[in-house]
Structure formats: structure tokens, C-alpha cells
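The structure under discussion appears below in the form of C-alpha cells.
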Amino acid sequence: MFENKKIVIVGGSSGIGYAVAQKALNAGAQVIIASRSDEKLNAAAKQLGERVQTEVVDASSDQSVADFFRRVGHFDHLAVTIKPQLPSGRFLENDVGSVVAAFDAKFWGQYRLAKYGAQYIQKNGSITFTSGIASRRGYLGYSAVSAMNAATEALSKAIAIELAPIRVNTVCPGFVDTEPPTSGRAQHIKVLSPTLPLNRLGVASEIADAYLYLFANSYSTGTVVVVDGGAIC
Ligand SMILES: NC(=O)c1ccc[n+]([C@@H]2O[C@H](COP(=O)([O-])OP(=O)(O)OC[C@H]3O[C@@H](n4cnc5c(N)ncnc54)[C@H](OP(=O)(O)O)[C@@H]3O)[C@@H](O)[C@H]2O)c1
């Protein structure tokens with residue numbers, strides 16, 4: 001389905017981005033995964049196989065993003081699945097500096113990637129951002145995450161108008177099991193699962209399907225695809 005398509009995934013060295021890379025490769029695409037750590041990228045590429053290429057980029061830096069796209073050249077689809085260290089303290093206790101740094105990587109990172117990348121994307125290509133269900137309702141201790149996810153969705157709708165015919169969309173995941181298993185994590189999952197209609201967290205490959213849908217569907221732009229197992233029903 002994606003033969004002869006070049007797909008760039010920033011945040012592709014782990015989690016949801018890695019699953020998008022796997023599915024895009026299986027669908028025949030040429031795939032470039034990018035993130036800050038060469039080591040993480042090489043480990044991911046080893047698993048993904050010979051056809052994947054890697055590129056180092058830091059989405060917090062204009063220079064790094066501009067240089068990255070000069071190296072990549074023209075391509076078809078961009079997915080951004082960056083997750084910085086997300087602040088999860090109470091609003092009054094959170095350090096403003098760490099909130100601003102997280103916003104800089106996740107929201108402004110997506111902004112920079114779209115801004116510098118658009119000129120390299122084919123006219124029938126697309127950009128897919130990632131938000132998260134904290135954009136849709138408040139969660140205790142996640143005010144900054146709510147704000148950056150809502151800002152991401154608003155940005156994608158606004159620039160879908162300006163960048164057309166390039167399509168711009170957002171995938172909004174619910175709770176996804178992408179973190180390494182620890183006893184604390186296992187307890188968190190045990191408590192969280194019964195609060196969800198499907199009684200479990202999602203897995204990265206279930207979220208990845210939404211990116212492939214948005215790459216392929218030529219009439220979807222300015223939209224948000226929520227994949228959350230019914231978490232915000
Ligand atoms: N997992 C969930 O439950 C969940 C729920 C809702 C929304 N989301 C959203 O889904 C997205 C993916 O989450 P995930 O759990 O799959 O994350 P993840 O496994 O932690 O992967 C994050 C990726 O972002 C890269 N990255 C971080 N900062 C970067 C930067 N400044 N520049 C370039 N790359 C950077 C990381 O690689 P390096 O460290 O090498 O840079 C890594 O490849 C995030 O936007 C997250 O907020 C996740």
C-alpha cells in the first residue's frame with residue numbers, strides 16, 4: 001500500500017512511533033525514524049531491519065530541525081510521536097521551568113517540525129501530530145499535559161487550512177502500555193484498567209493503525225482521531 005512512499009517518524013525509536021515504523025515498513029514504505037539518541041535509534045533499527053534509516057534530531061532546536069530536513073530531502077508523510085519528560089505534579093507545585101521545557105519539546109517541537117518540514121512534503125502528503133486524551137478532560141496532576149495536547153490539536157486544525165493540499169491531522173491516544181514493566185507500573189495498570197470500558201490499556205500497535213489510516217486517507221485533514229478504548233465515553 002505504501003510502496004514508493006517515504007515516511008518520516010520523529011519519535012520513532014520507541015513506543016507508538018516505533019509501532020508506526022513497523023507497520024509502515026510492513027506496508028512497503030521507505031521509513032526514516034528520528035529522535036535525539038543515536039544509541040536508541042540504532043537499537044530500534046536493529047529490530048526493525050535493514051530497510052529502515054535513522055537520523056538524529058532534537059525537536060527542541062530550530063537549527064537541529066532545519067538541518068534534519070535538509071538531510072532527509074523530499075518525502076511523503078511525517079508523523080511526530082515525541083514524548084518529553086512530562087510534568088505530572090499538581091498545578092501549584094509544578095516548577096514552571098520544567099513545564100516550559102516539556103512544552104518546548106512536545107508542542108513547539110511539533111510546530112517546528114511542521115514549519116520546517118512542510119516545504120519537503122509532496123503535495124499529496126501529510127503531517128500527523130500526536131496529542132493525548134488529557135486534551136479532552138482534566139486529570140489530577142496533568143494540567144500541563146492537557147494544555148500541550150489541546151494546543152497540538154488546535155495547531156493541526158489551523159495549519160490544515162494553510163498547508164492544504166498537504167493534509168494535517170492529529171492522533172489522540174488514550175492510556176497506552178509503552179513503558180518498561182516495573183512493580184509500580186504494574187500496580188498503576190491494575191488500578192487503571194477497571195476504570196476503562198475495555199478493561200485494559202491500549203498497546204502501541206493499536207494506536208499505530210490510526211497513523212497509517214491518516215497517511216492513506218486522501219480526504220482526512222484537520223481532524224483528530226481518538227484511539228482510547230472508550231476512556232472518555
Ligand atoms: N503512552 C501513553 O500512554 C500515551 C498516552 C497519550 C498520549 N501519548 C503521546 O504519544 C506520544 C508517544 O508516546 P510514547 O509513550 O510512545 O513515547 P516514548 O516511547 O517515550 O517515545 C518517545 C519518543 O520521543 C523521542 N523524543 C523525546 N524527546 C525528543 C526531542 N526533543 N526530539 C526528538 N525526539 C524526541 C524519544 O527518543 P529520544 O529519547 O532518543 O529523543 C522517543 O523516540 C507522545 O506524544 C505522548 O505524549 C502517549
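Every number for a ligand or one of its atoms is a count from 1 in the order of the listing. Scope of the values below: all heavy atoms of this structure, side chains included, with no hydrogens, waters or symmetry mates.
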| query | If you measure every N/O of V10 against every N/O of ligand 1, is any gap under 3.5 Å? | reply | no
| query | Could you go step by step and tell me if R136 and V226 meet the side chain to side chain contact (heavy atoms under 4.5 Å, CB included) rule? | reply | CA-CA 10 Å; R136 268 122 218 282; V226 180; 3.8 Å; yes
| query | Taking atom 45 (O) of ligand 1 as the point of reference, which of T81, V56, I82 owns the nearest heavy atom? | reply | I82
| message | For a quick test of reading the model, state the closest non-hydrogen atom pair linking S205 to K23 and the distance between them. | response | O-CE, 3.3 Å
| said: As an exercise, identify every atom of ligand 1 less than 4.0 angstrom from a heavy atom of S60. | reply: 31 (N)
| request: Provide, to 0.1 Å, the distance between atom 32 (N) of ligand 1 and the closest protein heavy atom, together with that atom's residue and name. | output: A59 N, 3.0 Å
| query | Crowded around N199 CG? As in, over 12 foreign heavy atoms under 6.0 Å? | reply | yes
| Shortest protein contact, atom 10 (O) of ligand 1 (heavy atom only) | T130 CG2, 3.3 Å
| request: Establish, yes or no, whether a centroid distance under 6.0 Å links the rings of Y211 and F129. | output: no
| Best match, G15, S135, S14: closest heavy atom to atom 21 (O) of ligand 1 | S14
| note | Note: A21 and I33 closest approach over all heavy atoms is CB-CG2, 3.6 Å
| query | Considering only the protein, which heavy-atom contact is closest to atom 36 (C) of ligand 1, and what is its distance? | reply | K40 NZ, 3.8 Å
| message | Show the atoms of ligand 1 that are less than 4.0 angstrom away from any heavy atom in G132. | response | 6 (C), 7 (C)
| request: Specify side chain, backbone, both or neither for S131, according to which of its non-hydrogen atoms lie closer than 4.0 Å to ligand 1. | output: backbone
| request: State the atoms of ligand 1, each with its element, that fall below the 4.0 Å cut-off from a heavy-atom position in S37. | output: 40 (O)
| query | Quick check: are there more than 12 heavy atoms from other residues, nucleotides or ligands sitting under 6.0 Å from CD of Q119? | reply | yes
| message | Tell me the contacting part of E179 for ligand 1: side chain, backbone, both, or neither, using a 4.0 Å heavy-atom threshold, strictly below. | response | neither
| query | In the protein, what heavy atom is nearest to atom 31 (N) of ligand 1, and what distance, to one decimal place, separates them? | reply | D58 OD1, 3.0 Å
| remark: shortest atom 40 (O) of ligand 1-to-protein heavy-atom contact is with S35 OG, 2.7 Å
| said: Do R137 and Y139 form a cation-pi contact, if we require the NZ or CZ to be under 6.0 Å from the six-membered ring centre and within 45 degrees of the ring's axis? | reply: yes
| request: Could you tell me if any non-hydrogen atom of G109 lies under 4.0 Å from any atom of ligand 1? | output: no
| With a 4.0 Å heavy-atom cut-off (strictly under), which part of K83 contacts ligand 1: side chain, backbone, both or neither? | both
| field | atom 29 (C) of ligand 1 - nearest protein heavy atom and its distance | value | R36 NE, 3.4 Å
| field | Backbone or side-chain N or O of I133 under 3.5 Å from ligand 1 N or O | value | no
| Any ion pair linking K115 and D62 (charged N to carboxylate O, less than 4.0 Å)? | no
| said: Does Y142, at its OH atom, have more than 12 non-hydrogen atoms belonging to other residues, nucleotides or ligands within less than 6.0 Å? | reply: no
| Taking the minimum heavy-atom distance to atom 3 (O) of ligand 1, which of V176, D228, V145 ranks first? | V176
| request: Please determine if D104 and R112 form a salt bridge, counting it only when a charged side-chain N lies under 4.0 Å from a carboxylate O. | output: yes
| field | Contact summary for A134 and S146, nearest pair of heavy atoms | value | O-OG, 2.7 Å
| said: Under the side chain to side chain donor-acceptor pair (under 3.5 Å) test against Q30, which residue among K5, Q53, K6, E3 passes? | reply: Q53
| query | What is the closest protein heavy atom to atom 47 (O) of ligand 1, and at what distance does it sit? | reply | K106 NZ, 2.9 Å
| Closest heavy-atom pair and its distance - L25, R51 | O-NH2, 3.0 Å
| said: Taking 4.0 Å as the limit for heavy-atom contacts, which would you say applies to T178 with ligand 1: side chain only, backbone only, both, or neither? | reply: side chain
| field | ligand 1 to A34 polar contact by distance, N or O atoms, under 3.5 Å | value | no
| In the protein, which heavy atom is nearest to atom 33 (C) of ligand 1, and how far is it? | V57 O, 3.4 Å
| query | OH of Y111: more than 12 outside heavy atoms within 6.0 angstrom? | reply | no
| query | Within less than 4.0 angstrom of ligand 1, does G174 place any heavy atom? | reply | yes
